[in-house]
2 protein chains.
Amino acid sequence: MSLRYALLGALADSPRTGYALLKHFEQSLAYAWPASHSQIYPELARLLEAGLIEQTGTGARGSKTYAITEDGLEDVRRWLRGTEPDRRVRSEAALKTFFLWLLEPDEAASQLEHERGYWSGVLGEFRRIEEEPTGDDKKSRAFRIALEGGIRTVEARLEWLDAALAEVRSPEWAARDD
Amino acid sequence: MSLRYALLGALADSPRTGYALLKHFEQSLAYAWPASHSQIYPELARLLEAGLIEQTGTGARGSKTYAITEDGLEDVRRWLRGTEPDRRVRSEAALKTFFLWLLEPDEAASQLEHERGYWSGVLGEFRRIEEEPTGDDKKSRAFRIALEGGIRTVEARLEWLDAALAEVRSPEWAARDD
DNA sequence: GCACACATGTAAGTTGTTACATGATTAC
DNA sequence: GTAATCATGTAACAACTTACATGTGTGC
């Protein structure tokens, strides 16, 4: 149901076309709930069917503009207030960490270095977004709070990767062969 | 394919029964790759079929003990070394943050407080695990590195939640009504 | 004897991914 | 004209969840 509410939340901000929603998912929402066009378009059709959104216009190249309805707004508010979020985390990278001992020390180190490179790129991207001027309305503030969460998470991961790298590079790590 | 390698990795440590693997997933691996018994048992059957694991014994109450084969060990090492991890993050809580502006200030604050309560419990659990004595072999060290990653992530989240709470409780947040 | 944890499995439904498919407008 | 981006959709498959289903040993 999360995709449903991600769409409703985005439309609560302002009416958008399916394509604009797709782009929005590729950009900011990608870090919270990635979704592809093959998921978004059918879900929009279902939301329309359910009366939670309505089509308010048709643009160039067959684009369709959707707006949230009163029912939709109620629904997304109910979701925000009432439902316990699913807090399970799936992370292939974290999984790999458990099995780092299966690799040669230098292989383990290069895995972690690669990981550090990736997340340091993400941090740069987040910092770039942070620099962009925005309003100081509630929407912008909420966005900045979310962004701040991303930045802190990535920073913590980078610090951890440095510590992990120091450990797998230590003589103690290399020495043990069990 | 991650579940497959999670199972192979766990069996690379030592032979285990399906049920023991299930418990292992409920405990430490739950924070990296949650899986239920309805996923684990069929996947074990497939791994057996593929010759990546073998059944080495039968225990009480029909339990089956599996061990990783040479092929399996090769496969999990190839996965560890060669494949780019899927780094996409799905977080309902992060998603909700984007839409915090749809709630009344006190509702937004109580959401964040609730979230802080949850993660502070997880941190306590992680710290408890951290205190447990372990060996200093490679496996234990890799586990501790993974645990350290979890702790740092949760700590960063808690710090962020405090900052976010301060913001939604500020007069500037309450004042704006747009 | 009965509850609980152990132990394994299948089935139906939902969600998400990758691939297939098509057409319109803009920039060069 | 032709490549890129805009714009929407469907279909097959894989992964995951929830519910159904069954039987065994242990502790009280």
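Per chain, numbering begins at 1; letters A, B, ... match sequence-line order.
Scored by the ring pair (Phe, Tyr, Trp, His ring centres under 6.0 Å) test, Trp119(B) finds no partners at all (sequence neighbours excluded). Every ring pair (Phe, Tyr, Trp, His ring centres under 6.0 Å) that Tyr5(A) has, sequence neighbours left out, goes to Trp79(A). Every residue two or more places apart in sequence or in another chain was checked for a ring pair (Phe, Tyr, Trp, His ring centres under 6.0 Å) with Phe99(A), and none qualifies. Applying the salt bridge (charged side-chain N to carboxylate O under 4.0 Å, His left out) criterion to Arg144(B), with sequence neighbours excluded, gives no partner residue. Under the ring pair (Phe, Tyr, Trp, His ring centres under 6.0 Å) criterion, Phe126(B) pairs with Tyr31(B), sequence neighbours left out. A search for side chain to side chain donor-acceptor pair (under 3.5 Å) contacts involving Asp106(B) returns nothing, not counting sequence neighbours.
Screening residues 88-105 of chain B for salt bridge (Lys or Arg N to Asp or Glu O under 4.0 Å), with sequence neighbours left out, gives Asp86(B)-Arg88(B).
For the residue pair Ser110(B) and His114(B), no side-chain donor N or O sits within less than 3.5 Å of a side-chain acceptor on the partner.
Side-chain contact between Glu130(A) and Leu147(A): present, with at least one pair of heavy atoms (C-beta onward) separated by less than 4.5 Å. Looking only at side-chain heavy atoms (C-beta outward), Ile129(B) and Phe143(B) come within less than 4.5 Å of each other. The side-chain heavy atoms of Arg87(A) and Glu115(B), taken from C-beta on, include a pair separated by under 4.5 Å. Using a 4.5 Å heavy-atom cutoff, the side chains of Ile53(A) and Leu7(A) are not in contact.
In this entry the distance linking CZ of Arg46(B) with C1' of dT8(C) reads 15 Å, nearest Å. Rounded to whole Å, atom P of dT17(C) lies 13 Å from atom CG of Leu22(A).
Using a 4.0 Å cutoff on non-hydrogen atoms, the parts of residues 59-69 of chain B near DNA chain C are Ala60(B), Arg61(B), Gly62(B), Ser63(B), Lys64(B), ordered by number. Contact check of residues 71-94 of chain A against DNA chain D (heavy atom, cut-off under 4.0 Å) returns Arg88(A), Arg90(A). Looking at residues 23-43 of chain A, you'll see His37(A), Ser38(A), Tyr41(A), Pro42(A) sit with a heavy atom under 4.0 Å from some atom of DNA chain D. If you check residues 2-19 of chain B against DNA chain C, the residues with a heavy atom closer than 4.0 Å are Gly18(B), Tyr19(B), listed by number.
Taking every nucleotide of DNA chain D with any atom under 4.0 Å from a non-hydrogen atom of chain A, the first and last of them, 5' to 3', are dT5(D) to dT17(D).
Residue Arg127(A) forms a salt bridge (charged side-chain N to carboxylate O under 4.0 Å, His left out) with just one option from Glu132(A), Glu155(A), Glu148(A), and that option is Glu155(A).
Looking at Trp33(A), its side chain never comes within 3.5 Å of a backbone N or O of Phe25(A) through a donor-acceptor pair.
Criterion: ILVMFWY side-chain heavy atoms under 4.5 Å apart, direct or through other members. Under it, Tyr118(A) and Val89(B) are not part of a common hydrophobic cluster.
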